[in-house]
*Asks:* 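Let me begin by handing over the structure; questions about it come next.
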Amino acid sequence: MKILVVDDERAVLDAYKHILTPSSGQPQEDALRQLANSLFSDVASTPKVPALAETEVTYCCQGLEAVEAIKRSLAEGAPFKVAFIDIRMPPGIDGKETARQIRRIDPNINLVIVSAYSDHNVTDISAVAGPPDKIFYISKPFDAAEITQMATALANRWDFDTRQLEALKSKVNELAASEARARHIASHDFLTGAPNRMSFQRSLTDRVRSGDKGFALALLDLDRFKHVNDTFGHGAGDDLLTNVYQSIREQVPPSAIVARLGGDEFAIIIDTTSIEEARKIFSSVIDVCARRHSIYGNTVQIGGSIGWLLASSFESSSAVDLMRFCDVALYAAKKDGRSIAFLFDAAMDESTKFKQSIESGLKHAITQGELAVHYQPIIDRNTLEPVGVEALLRWTSPVHGPVSPTVFIPIAEESGLIHEIGDWVVRRALEDSLNWPEYFISINLSPRQFRRVDLVESLCQHALAAGVPHSRVQLEITETALFDDASRASSVLAELQSLGFRIALDDFGTGYSSLLNVKNFGLDCIKIDKSFVEGLGTEPNAAAIINSIAHLAKGLGLTVVAEGVETDAQCQALRLVGCSHLQGFLFGAAEELTQANLRYAGRSALKASANPPPLLVVHSAAN
C-alpha cells in the first residue's frame with residue numbers, strides 16, 4: 001500500500017518511519033519504545049506492533065511538499081491510498097489547508113488528521129476536506145498499533161472503494177451501450193434497417209429548426225407493391241422492400257437520408273439546392289424501382305412515384321408543412337400516371353384552403369355543440385376487466401363531417417384555439433368522471449397548453465368547480481412538452497405533484513427521450529406508443545423493447561399502459577412482459593357518454609368497495 005506522511009517535526013517523522021518502514025537491523029518494538037520514551041514522557045510502554053503489508057511511504061515536512069507529491073502520484077498512475085497530516089506545520093500552510101488542497105486534487109484518498117492539540121475545529125476541516133467518510137482523526141501521542149491499524153484499514157477500504165467504482169463504471173458503460181442499442185432499434189425499421197418514421201421526422205425537424213434550407217425532400221411510394229404481396233406472400237414483399245431500399249441507397253449520395261416511413265412508403269433527404277441535381281437523383285431512384293427484381297425465384301416488376309421539393313423554395317415552413325407539400329406532389333405524381341418524380345407547386349396545395357376552413361370551423365365548434373367526448377375502456381392486466389376509460393375528443397363539422405383529431409388538433413395548436421378547446425375538454429372530463437367515482441381521470445395536455453403561465457391555477461380551479469380531488473386527476477403530457485423547456489417543465493411538474501396531481505408521459509418511444517433522462521422529471525406513468533405494440537408477433541425485437549421499457553419503468557416506480565392492443569396474441573405478450581394496463585380495440589371501441597354510463601356506472605356501483613381506484617385516461621387525439 002502507498003502512504004503519505006506530512007509532519008514538520010523530524011522526531012515525529014522518525015516515529016512514523018519506525019512504525020511504517022522499520023529497519024531490519026533493529027527490533028521494531030524496542031525502537032518504538034525508546035522513541036516514545038524520548039518524545040512522550042508519560043508513555044510507559046509501546047504495545048506489540050501488528051505486521052504491515054508491503055508498504056511504500058513518502059515523508060514530507062511541509063504541506064506544499066505533500067501537495068506536489070500527490071500531483072506526481074496521480075500523474076504516474078500510482079495514487080496514495082492514505083495520508084497522515086499534522087494539523088500545525090509552521091511556517092508553511094497548516095494541516096487544514098494541506099488537506100483542502102489534497103482533497104481538491106485527489107477525491108478518493110483517505111485523510112487522517114493528527115494533532116496533539118484540541119483547538120482545531122473538526123467540522124471546519126470536514127467542510128473543506130470532506131466528505132466526512134473519507135476523513136479521520138488521531139491524537140498525539142499515538143502508539144504504533146493505532147497507526148498500523150488505521151493505515152491497513154483505510155488502505156483496504158481504498159482498494160474496496162476502487163473495485164466498487166470500477167464495477168459501477170462498467171455497469172454504467174454496459175447500460176449506456178444497452179440504451180444505445182435500444183435507441184437504435186427504436187429509431188430504425190426492423191425489416192430494412194433504414195431509419196424509421198420517428199427518426200426521419202426528428203432529423204427533418206432539427207434541420208428546419210436550425211434554419212437549414214440546403215436540402216431536397218422527397219416522398220416515394222412504390223407502385224403495384226400490393227400485387228406482389230397478394231401474389232407471392234408477405235415474405236416476398238419483405239424481401240422486395242429490402243432490395244428496393246438497398247437499390248435506393250446506391251443511387252443517392254452517402255450523406256443522404258433514406259428512411260422507411262411504413263408499408264411501401266419511403267422518404268429521402270439529399271443535400272442540394274440545385275433543382276437539376278435533385279431531379280436527376282430522384283429520376284434515377286424512379287428508374288431503379290422500375291427494374292426487374294428476383295424474389296423467391298420469380299421475376300417481379302414494380303415502380304415508384306415521387307413527390308419532392310427544395311427547402312430553399314419556402315421562406316417559413318415547418319417540417320410538417322414540408323412533408324404535407326411532398327405528399328401533395330406525390331398524389332399528383334400518382335394521378336398523372338405514376339412512375340414519375342413530381343416537383344411541388346404551390347398551386348397544388350388545396351390543403352391550404354382546407355386548413356383555413358378547419359380553423360374557421362373550430363372557432364364555433366364549442367358554442368355550436370359540435371365537440372363531443374367518447375370513452376374507451378382501459379383493462380387491468382391481471383383480471384382483464386375494465387378498470388378505467390380513456391376520453392377521446394371528437395368533432396363533427398357541419399361542412400366536413402367527422403374530422404379526425406390528428407387533423408384538427410395540430411391546427412388548433414397553431415392557431416391558439418387549443419386553449420379554449422383544452423379548457424372545454426378538462427371541464428367535460430372532470431364532470432363526466434363524477435359518474436365513475438372509482439376511477440382516476442387523466443387529461444391530455446398539448447405542448448402549447450403545457451406552456452400556459454396559468455396552467456396550475458387553471459387546473460386547480462376546474463377541479464374545484466367539478467368537485468374532483470387532485471388525487472383523482474392524472475395529467476398526460478408529451479415528450480415535446482418536456483424538452484421544449486426542460487427546466488420549466490421540471491418545475492411545473494414538481495408543483496403539480498406537490499398539489500396531488502399525477503403525471504403520465506404519453507406515446508413513450510416516439511420522441512427524443514429515454515427512461516434514463518425522463519427519470520429526472522416527476523412522472524407516475526408512461527404509455528407505450530401503439531407502434532411498438534403493432535410489431536408484436538411480426539417484428540423480432542418488438543417484445544424485447546417493450547419488456548425493457550416495462551422493467552425499467554417498474555424499477556423507477558412507474559405504471560405502464562400499452563396502447564393499440566388489437567389481438568389476443570398482443571394481449572398475452574403484453575401481459576407476459578409486465579405492462580400494468582392494456583388498451584385497444586380488442587377490448588372495445590370508444591363510446592359516447594350515454595353508452596359509457598350504461599357500461600361503467602353500473603360496474604362502479606357493483607365495485608363501490610374496491611381499491612385502489614383504477615385509472616381513467618383522457619386523450620384529445622385519436623386512438
Side-chain angles (χ1 to χ4, degrees), residues 1-21 32 35-36 39-50 52-53 55-70 73 79-162 164:
M1 55 184 167
K2 193 170 180 180
I3 299 173
L4 176 67
V5 175
V6 194
D7 199 298
D8 64 321
E9 295 185 34
R10 179 60 61 182
V12 176
L13 288 179
D14 289 342
Y16 278 113
K17 290 178 182 178
H18 282 294
I19 297 172
L20 299 175
T21 54
L32 288 174
L35 186 60
L39 289 175
F40 313 114
S41 58
D42 58 338
V43 177
S45 63
T46 302
K48 187 174 181 179
V49 181
L52 280 172
T55 305
E56 177 185 346
V57 186
T58 297
Y59 299 95
C60 299
C61 296
Q62 291 295 325
L64 292 177
E65 181 186 358
V67 171
E68 291 302 316
I70 291 289
S73 71
F80 290 101
K81 300 180 180 181
V82 186
F84 291 89
I85 304 174
D86 184 31
I87 197 66
R88 292 188 177 183
M89 292 184 291
I93 61 175
D94 63 9
K96 176 182 175 182
E97 177 61 18
T98 300
R100 186 189 71 81
Q101 293 193 29
I102 289 177
R103 175 64 70 211
R104 185 182 59 186
I105 299 168
D106 186 351
N108 298 318
I109 191 172
N110 292 296
L111 301 180
V112 182
I113 303 300
V114 184
S115 178
Y117 304 95
S118 60
D119 58 344
H120 58 276
N121 191 309
V122 173
T123 302
D124 289 346
I125 297 176
S126 295
V128 300
D133 64 338
K134 286 186 178 294
I135 187 164
F136 304 87
Y137 302 89
I138 288 180
S139 298
K140 293 179 181 178
F142 50 72
D143 58 42
E146 191 175 13
I147 296 297
T148 56
Q149 288 172 3
M150 181 72 78
T152 301
L154 294 183
N156 289 339
R157 176 183 172 178
W158 188 95
D159 290 338
F160 176 79
D161 289 347
T162 301
Q164 291 294 99

*Asks:* Quick one: salt bridge (Lys or Arg N to Asp or Glu O under 4.0 Å) partners of Glu56, sequence neighbours excluded?
*Replies:*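 Salt bridge (Lys or Arg N to Asp or Glu O under 4.0 Å) check on Glu56 returns nothing, list empty.
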*Asks:* Looking at every heavy atom in both Pro91 and Gln62, which two are closest together, and how far apart are they?
*Replies:*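 Distance-wise, the nearest heavy atoms are CD-NE2, 4.0 Å.
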*Asks:* Calculate, to the nearest 0.5 Å, the distance between atoms CD1 and CD1 belonging to Ile113 and Ile135 respectively.
*Replies:*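 Spacing of CD1 (Ile113) from CD1 (Ile135) equals 4.5 Å.
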*Asks:* Indicate the atoms forming the closest heavy-atom contact of Lys2 with Pro79, along with that distance.
*Replies:*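 Result for this residue pair: CD-O, 3.9 Å.
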*Asks:* Measure the CE-CG distance between Met1 and Leu20 for me, rounded to the nearest 0.5 Å.
*Replies:*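 If we round to the nearest 0.5 Å, Met1:CE and Leu20:CG are 7.5 Å apart.
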*Asks:* Sequence neighbours excluded, which residues qualify as side-chain hydrogen bond (donor to acceptor under 3.5 Å, both in side chains) partners of Lys134?
*Replies:*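 Listed in chain order: Asp161.
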*Asks:* What I'd like to find out is whether the side chain of Ile125 reaches to under 4.5 Å of the side chain of Tyr137, using heavy atoms alone.
*Replies:*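 Of all side-chain heavy-atom pairs linking Tyr137 with Ile125, at least one is under 4.5 Å.
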*Asks:* So, using side-chain hydrogen bond (donor to acceptor under 3.5 Å, both in side chains) as the criterion, who are the partners of Glu146 when residues are at least two apart?
*Replies:*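 Residues passing side-chain hydrogen bond (donor to acceptor under 3.5 Å, both in side chains) with Glu146: none at all.
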*Asks:* Is the shortest side-chain heavy-atom distance between Asn156 and Phe160 below 4.5 Å?
*Replies:*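 SC-SC contact between Asn156 and Phe160 ruled out.
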*Asks:* Arg103: what forms a side-chain hydrogen bond (donor to acceptor under 3.5 Å, both in side chains) with it, not counting sequence neighbours?
*Replies:*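 side-chain hydrogen bond (donor to acceptor under 3.5 Å, both in side chains) check on Arg103 returns nothing, list empty.
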*Asks:* Holding to ring pair (Phe, Tyr, Trp, His ring centres under 6.0 Å), I want the full list of residues that pass it with Phe84, two or more places apart in sequence or in another chain.
*Replies:*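 Ring pair (Phe, Tyr, Trp, His ring centres under 6.0 Å) check on Phe84 returns Tyr16.
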*Asks:* Only counting residues at least two apart or in another chain, list the ones meeting salt bridge (Lys or Arg N to Asp or Glu O under 4.0 Å) with Asp124.
*Replies:*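 Result, salt bridge (Lys or Arg N to Asp or Glu O under 4.0 Å) vs Asp124: none returned.
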*Asks:* Kindly compute the distance separating CZ (Arg100) from CG (Leu111), expressed to the nearest 0.5 Å.
*Replies:*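 Reported value, rounded in 0.5 Å steps: 12.5 Å.
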*Asks:* Could you work out, with side chain to side chain contact (heavy atoms under 4.5 Å, CB included) as the rule, every residue matching Ser115, not counting sequence neighbours?
*Replies:*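 Side chain to side chain contact (heavy atoms under 4.5 Å, CB included) check on Ser115 returns Ile87, Tyr117, His120.
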*Asks:* How many angstroms lie between CD1 in Ile70 and CD1 in Ile109, if you round to the nearest 0.5 Å?
*Replies:*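 One gets 4.0 Å once the value is rounded to the nearest 0.5 Å.
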*Asks:* Can you tell me how far CD1 of Ile85 sits from CD1 of Ile138, rounded to the nearest 0.5 angstrom?
*Replies:*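 Here the rounded value is 12.0 Å.
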*Asks:* Not counting sequence neighbours, which residues clear side-chain hydrogen bond (donor to acceptor under 3.5 Å, both in side chains) with Arg104? List them please.
*Replies:*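 In terms of side-chain hydrogen bond (donor to acceptor under 3.5 Å, both in side chains), with neighbours along the sequence ignored, Arg104 is linked to no residue.
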*Asks:* Which heavy atom in Arg157 sits nearest to a heavy atom in Asp133, and how many Å separate them?
*Replies:*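 Closest pair (atom of Arg157, atom of Asp133, distance): NH1-O, 2.6 Å.
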*Asks:* How close do Phe142 and Ile19 get, counting heavy atoms only, and between which atoms?
*Replies:*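 It is CE1-CD1, 3.8 Å.
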*Asks:* Taking the side chain from Thr152 and the backbone from Gln149, do they hold a donor-acceptor pair closer than 3.5 Å?
*Replies:*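 Side chain of Thr152 to backbone of Gln149: no pair is present.
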*Asks:* Could you tell me the separation between the SG atom of Cys60 and the CG atom of Leu4, rounded to the nearest 0.5 Å?
*Replies:*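 Cys60 atom SG to Leu4 atom CG measures 5.0 Å (nearest 0.5 Å).
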*Asks:* Which atom names give the shortest non-hydrogen contact between Val82 and Ala155, and what distance separates them?
*Replies:*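 That closest heavy-atom pairing would be CG2-N, 3.8 Å.
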*Asks:* Give every residue pair that meets the side chain to side chain donor-acceptor pair (under 3.5 Å) criterion with at least one member in residues 85-95, sequence neighbours excluded.
*Replies:*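 Qualifying pairs, neighbours excluded: Asp86-Lys140, Arg88-Asp119.
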*Asks:* Is a donor on one side and an acceptor on the other found under 3.5 Å between the side chain of Asp7 and the backbone of Val12?
*Replies:*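 A pair under 3.5 Å: no.
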*Asks:* Looking only at heavy atoms, what is the nearest atom pair of Ala151 and Ile3, with distance?
*Replies:*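 Heavy-atom minimum between the residues: CB-CD1, 3.7 Å.
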*Asks:* Are the side chains of Asp106 and Phe80 in contact, using a 4.5 Å heavy-atom criterion?
*Replies:*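 Side chain of Phe80 against side chain of Asp106, heavy atoms only: no contact under 4.5 Å found.
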*Asks:* Checking Leu64 now: which residues fulfil side chain to side chain contact (heavy atoms under 4.5 Å, CB included) with it, not counting sequence neighbours?
*Replies:*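 Per chain and number, Leu64 pairs via side chain to side chain contact (heavy atoms under 4.5 Å, CB included) with Ile93, Gln101.
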*Asks:* Checking Lys96 now: which residues fulfil salt bridge (Lys or Arg N to Asp or Glu O under 4.0 Å) with it, not counting sequence neighbours?
*Replies:*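 Scan of Lys96 (salt bridge (Lys or Arg N to Asp or Glu O under 4.0 Å), adjacent residues dropped) gives none.
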